Structures are given as structure tokens and as C-alpha cells.
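Below: the structure, in C-alpha cells.
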Amino acid sequence: MTQLLTVNADKDHDIAWCAEKLLRSGGCGMVLLWPRRLDARQIRRLQLAAETGSALAVLFALPGQSYSGAVLRVAVRPSASGLAVDIVKARGSLRRASLMLSL
């Protein structure tokens, strides 16, 4: 069964709280977030919640913003042949890799 839940929250601490509860629940496979700003403590709580609930948390950062505490950071940009994906930070052997996704 495919389900989608959309949560509209005005404040970043509300966004982080909702995401943490969803991730930790075990009934959610992925949470996509577009926060304006999260601090390192909130990011760490989201990481732990995702691990506890066996879920994936994806934070979309505004231009010029980055979440240094994130386990994986990628930069996606358009290119002539599709999308260029740069792995900025990752655990393990994927560090500083780039790939091209053809459209």
C-alpha cells in the first residue's frame, strides 16, 4: 500500500519535532524536509530517530546552507546531459565522488 502524508509546519522546531516522531515510529520509510534552519542537536536527533525507525531522512538545504552534521551530503545541479550529482560528504568509500545521471 502506498501512502503519502504531508505535514505543513511554520516553525523549524515544529518541522524537526514532526519529522523525528515520524522517523522514530517505525511506520514511515522516508521523511523529506525543507527546513529553513536546523541546529546540530536537531540534526543528530533526526539521525538517531531514522536509525531507530529504520527510515531515511532527507533534508533539502537552501542555497548557501549546509548541514555539516549530516551523514551524507550531496549537491545536485543541472548539466547539458542530465543531472550532475556530487557527493560532498559520506561515510565509507564514496567520499568526494561525482556521477552524471542522464535524462
Side-chain angles (χ1 to χ4, degrees):
M1 176 188 282
T2 302
Q3 295 181 352
L4 173 66
L5 172 66
T6 302
V7 177
N8 293 317
D10 293 331
K11 298 181 177 151
D12 286 333
H13 69 273
D14 291 339
I15 293 170
W17 184 87
C18 290
E20 182 180 346
K21 296 300 179 191
L22 287 166
L23 290 165
R24 195 174 296 281
S25 73
C28 178
M30 179 187 295
V31 173
L32 306 175
L33 300 117
W34 285 266
R36 289 173 291 281
R37 184 172 178 269
L38 293 178
D39 61 34
R41 183 186 60 78
Q42 290 170 310
I43 293 170
R44 181 65 181 145
R45 288 182 65 96
L46 291 173
Q47 286 175 349
L48 293 173
E51 290 173 11
T52 299
S54 298
L56 176 64
V58 179
L59 281 72
F60 292 90
L62 298 171
Q65 183 182 42
S66 71
Y67 295 112
S68 61
V71 175
L72 173 67
R73 285 186 7 217
V74 297
V76 180
R77 56 187 161 69
S79 73
S81 60
L83 288 175
V85 179
D86 298 318
I87 299 173
V88 179
K89 175 186 171 186
R91 290 181 183 164
S93 62
L94 287 176
R95 293 182 189 155
R96 298 284 180 188
S98 295
L99 55 110
M100 186 65 62
L101 300 176
S102 299
L103 297 180

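None of the values given here were measured: they were computed from a predicted structure.
When every heavy atom of Leu23 is checked against every heavy atom of Ala50, the shortest pair comes out as CB-N, 3.9 Å. Contact between Leu83 and Pro78 at its shortest, heavy atoms only, is CD2-CA, 4.1 Å. Heavy-atom minimum distance, Leu103 versus Gly82: CG-CA, 3.7 Å. Minimum heavy-atom separation, Ala55 to Cys28: CB-O, 3.2 Å.
Taken together through direct or relayed side-chain contacts under 4.5 Å among Ile, Leu, Val, Met, Phe, Trp and Tyr, Leu33 and Val7 form part of one hydrophobic cluster. The cluster map of Ile, Leu, Val, Met, Phe, Trp and Tyr, joined by side-chain heavy atoms under 4.5 Å apart, puts Phe60 and Trp17 in different clusters.
Summarising the geometry, atom CG belonging to Leu101 is positioned 9.0 Å from atom OG belonging to Ser79; distances are rounded to the nearest 0.5 Å. Here the CZ atom belonging to Arg37 is positioned 13.0 Å from the CD1 atom belonging to Ile15, to the nearest 0.5 angstrom. Atom CG of residue Asp10 and atom CZ of residue Arg36 lie 7.0 Å apart, to the nearest 0.5 angstrom. Atoms CG and OG1, from Leu32 and Thr6 in turn, are 9.5 Å apart once rounded to the nearest 0.5 Å.
Side-chain contact between Ile87 and Leu72: present, with at least one pair of heavy atoms (C-beta onward) separated by less than 4.5 Å. Proximity of Leu46 to Val31: side-chain heavy atoms (C-beta onward) are nowhere separated by under 4.5 Å.
A salt bridge (Lys or Arg N to Asp or Glu O under 4.0 Å) check over residues 15-33, counting only residues at least two apart or in different chains, returns the pairs Glu20-Arg24, Glu20-Arg45.
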